Amino acid sequence: MENDIAAGEGIVFNIQRFSIQDGPGIRTTVFLKGCPLRCLWCSNPESMRLSPEIITRDIKCIGSGKCAEICPERAITFVEKTRIIDWERCNYCMKCAQVCPSKAIEAAGEHMTIAEVIDTVGRDCNYYRRTNGGMTLSGGEPLLQWQFALGLLREAKRQGFHTALDTAGYAEWEILDEVLNYTDLVLYDVKHMDSEKHQEATGVSNERILDNLQKILAKSKAKVWIRRPVIPSFNDSEEDLEKLCKFVLTLDRPVEKISLLPYHKYGELKYAAKGRVYPYQDVALISDEQMGRFKKLVESYGLKVDIGR
Ligand code: SF4
Ligand code: SF4
């Protein structure tokens with residue numbers, strides 16, 4: 001973790017209440033900042049960097065010029081009332097976000113304490129009770145801020161909430177092992193069974209990820225949902241899905257289900273907001289028919305499967 005984060009606090013980039021996709025029942029999903037992966041299709045590019053950063057919304061800019069006045073790096077200029085940010089110069093000091101009167105520049109990521117997060121999570125405890133819901137930690141990769149994640153999960157359990165961890169599994173086993181003591185359900189991403197292809201598209205190989213998955217099923221009691229984002233020209237082949245099913249059947253105990261998550265473009269505008277080009281902008285979506293075929297294929301292995309979002 002970067003050393004400007006005090007003990008007992010972490011960096012959160014979103015807290016989403018009334019979530020129904022990230023585990024059973026009604027949930028509050030806490031998104032922690034920072035990810036060791038660099039998936040080309042990532043729909044949360046603002047989650048990758050561990051520290052807070054700025055995101056821009058050009059359509060809201062009223063041309064006040066306050067951001068350019070305060071920027072210590074002279075990274076902001078105006079050309080005929082259009083604000084231009086030189087991202088190479090920006091040092092993420094966040095001063096422009098603090099003075100922008102129209103929220104055309106905002107901060108992504110804020111320091112929060114465990115108590116502050118749990119206070120927000122606890123507001124919906126009646127819904128959790130009625131629906132078997134609870135708190136889900138997501139990201140980025142929540143295990144990158146593992147001490148903060150551990151503190152949140154421990155406190156959530158102390159308050160009687162169901163807990164889920166949404167992870168890409170790229171962490172040291174010792175960390176995962178400790179966090180699992182306070183985790184009821186793991187939502188575990190397996191993006192590709194071929195390590196070289198995994199490395200090409202995410203920046204990391206998959207050996208540690210598959211090894212950790214085996215250990216979770218062998219050594220912990222947490223329930224597991226496998227998540228498979230289905231990405232065009234990357235893993236949208238029956239061959240790789242079959243390899244995943246065969247691997248899942250070798251695990252020490254059954255997973256609850258495999259969720260197939262069709263590729264979407266929700267993140268496209270966020271790349272523009274960070275002055276970046278979305279690498280998947282020309283890629284077509286996966287059809288419902290194809291997702292249906294993949295679902296049947298997983299079912300043919302006797303595994304429970306659904307199509308998520
Ligand atoms: S965050 Fe970047 S653009 Fe904004 S004031 Fe700081 S250096 Fe300038
Ligand atoms: S693991 Fe998730 S958050 Fe991290 S880069 Fe990949 S898609 Fe984005």
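The structure presented is a predicted model; accordingly, all values stated were derived computationally and were not measured. Just so you know, these numbers use all the heavy atoms, side chains as well, and skip hydrogens, waters and symmetry mates. Numbering of ligands and ligand atoms starts at 1, following listing order.
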| Taking heavy atoms and a distance under 4.0 Å, where does E46 meet ligand 2: side chain, backbone, both or neither? | neither
| said: What protein heavy atom lies closest to atom 4 (Fe) of ligand 1? Include the residue and the distance to one decimal. | reply: C96 SG, 2.3 Å
| query | Which bit of I105 is near ligand 1, meaning a heavy atom under 4.0 Å away: side chain, backbone, both or neither? | reply | neither
| task | Check whether more than 12 heavy atoms from other residues, nucleotides or ligands sit under 6.0 Å from atom NZ of K304, and answer yes or no. | result | no
| field | Test: R158 and E155 ion pair at under 4.0 Å | value | yes
| message | Assess whether a salt bridge exists between D306 and K257, defined as any Lys/Arg side-chain N lying under 4.0 Å from an Asp/Glu carboxylate O. | response | yes
| Which atoms of ligand 1 are found less than 4.0 Å from any heavy atom of C90? | 1 (S), 2 (Fe), 7 (S)
| said: Could you identify the single nearest non-hydrogen protein atom to atom 2 (Fe) of ligand 2 and state the distance to 0.1 Å? | reply: K191 NZ, 4.3 Å
| said: Please state which option from C39, G140, C42 has its nearest heavy atom closest to atom 8 (Fe) of ligand 2. | reply: C42
| Lys/Arg N to Asp/Glu carboxylate O, R227 vs D22, below 4.0 Å | yes
| request: Name the closest protein heavy atom to atom 6 (Fe) of ligand 1, giving the residue it belongs to and the distance to 0.1 Å. | output: C93 SG, 2.4 Å
| remark: Of all protein heavy atoms, the one nearest atom 1 (S) of ligand 1 is M94 N, 3.4 Å
| message | Can you report which non-hydrogen protein atom sits closest to atom 7 (S) of ligand 1, along with the distance? | response | N91 OD1, 3.2 Å
